[in-house]
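Shown next, in structure tokens, is the structure this report addresses.
All figures in this text were calculated on a predicted structure; none of them were measured in a lab.
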Amino acid sequence: MNRVVRHLLFYLGGILLLLPFWILGTFGANVTVEQILFHVMSGLEAVEATDRTLKVSFAQHVLAMPLLFPIAAALLSAIASRLADRRAALFEKMLSASCILLLLAGSGMFAWKLNIAQYIVSRFGRDIFSGIYVDPSRQRFKAPERKKNLVLIYVESLEADLSDLRPGHVDAIQEIEGLPGHQVREFFQAPGTGWSIAGIIASQSGVPLKPFYYNLKEEGNFMGNFDRHGFCPSLVCVSDILSKQGYTQYFLTGPDLKFADMDRFFSSHHYDYPIGRAEWLQRGLDRSLFTSWGEGLQDDTLFDQAYRIIQSERAKKRPFLLSMITIDTHFPDGFPSPRSTPEESHSSFVGAFRYTSRQLAAMVNRLISEGALQDTDIIIMGDHLFMASDEQLRDNFAKERRVYFKMITADNRKPNRDRMTHFDVAPTILDLLGMRRNTNEHFGLGISLFSKISTEEYGKHLQQVMSEEILSPSIVYDRFWDARQQAGM
């Protein structure tokens, strides 16, 4: 075997061997192939928008460390060249066989750790999505007598179990728990909703996120062409409906909007003001404030800016939607603000949650004290479960984990059930705002919390949407990427 080819195979085998450990250590034990492929297919702009420490870690552990294998092989080959011809030839054959074995071992480790076999099997599963999806574009919505505003706060990795973390049963979100409103305790994380942009899309459209576009005859690639078509242009989202009702719509985040193609999603679905790192800088915020994940704003500054926008929009007496997502509680250990207490900044992700919880509760309580609930509903929810490592799962979390969800309204309106998924958020929002004619009607894969569906019927529905087959190839899902399928409401 040619030595250059052998060295390349050693390097490739090393990458395949180490890559799954880096992925699971960086993104948590429950990372999915869909999540990996989505970020891979998002392009170089999205990569540039990631956290610098993430890129450095990738370079060190995935690109640099595997170089040890070809370097070691080259040193052994140099030593072998000093041996007798027969022994040297045998040694070279052993090295060639070793690179093949390393490549096979690396491939096997990659496939095993990331459940590639299960993923491949799922590509041939039943199309249950097409059978249960209800197209919101065929439904009629109404203008309520009084249009209320909505503040939709996604808290990075917020889940109910954070109020009772082991060991010691620490309540890391005591201030959020102390806010008024109604919390839904059984919020299940369905397939295709387990990372930030997936949780956002699922909660605003009632469908999971799959990074696939199967119309290869026209596009010849995954995910279509964002520049030509936008992000799922024919997918009906809450923001598309609110836009037709005259709502001004904001999305706020600390890091760059290009990460995970957030900019393309929000610009494709009638958000008037998507604001991330670049936009905050244009608005004059000092660069010293950008010290969180991806060199984005810390949560405390983000809450301060959100409060100012909410107050400004309320003063205009016109309806608005303000969606925002925090970032300081990002896996693995959080990104505590420089303004957090020493205890919070030195207690891993627990401290990050405690500080973000305090800052969020302070903003919400301030709004409540100023009478905001008279014209504004507030929803606080996790974008997904915390992407815990195996060690964190063992040491900190209970076996049954649920995403956090709380509604804060003037009338303390209570839902008709205590179980939900991300898919149920969209119809629940529209019912809260009084825009649906029939609360029992499904929306995408979602069923409103105010629906009168029986416990038994919702249980059957929940079983379907929690099945991995919900991510199997679907002719209905493919149409979301086709701008020609777009329909009015």
For Thr421, give me all partners under side-chain hydrogen bond (donor to acceptor under 3.5 Å, both in side chains), at least two apart in sequence or on another chain. none

Once you measure the plane-to-plane angle for Phe386 and Phe397, does it fall in the parallel (<30°), tilted (30-60°) or perpendicular (>60°) bin? parallel

How long is the span from the CZ atom in Phe266 to the OG atom in Ser239, to the nearest 0.5 Å? 8.0 Å

Are Phe349 and Phe331 near enough that their ring centres are under 6.0 Å apart? no

Between Asp333 and Ser348, does a side chain to side chain donor-acceptor pair (under 3.5 Å) hold up when you go through it step by step? CA-CA 5 Å; Asp333 294 316; Ser348 186; 2.9 Å; yes

Between Asp431 and Arg436, is there a salt bridge with N-O shorter than 4.0 Å? yes

Is the shortest side-chain heavy-atom distance between Ser340 and Gln298 below 4.5 Å? no

Should Arg308 and Asp304 count as an ion pair when the cut-off is N to O under 4.0 Å? yes

Ion pair Asp135/Arg479, N-O distance below 4.0 Å: no

From CZ (Phe480) to OG (Ser474), nearest 0.5 Å: 7.0 Å

Lys/Arg-Asp/Glu bridge criterion (N-O < 4.0 Å) met for Arg366, Glu370: yes

If we ignore hydrogens and angles and just use 3.5 Å, is the side chain of His461 paired with the main-chain N or O of Leu445 as donor and acceptor? yes

Taking only Lys NZ, Arg NE, NH1 and NH2, and the carboxylate oxygens of Asp or Glu, determine whether Glu186 and Arg402 approach each other closer than 4.0 Å. yes

One pair to check against side chain to side chain donor-acceptor pair (under 3.5 Å): Ser292 and Asp328. What are the steps and the verdict? CA-CA 6 Å; Ser292 188; Asp328 289 2; 2.6 Å; yes

Between Tyr355 and Asp300, is a side chain to side chain donor-acceptor pair (under 3.5 Å) present by the stated rule, with each step listed? CA-CA 9 Å; Tyr355 186 71; Asp300 48 11; 2.9 Å; yes

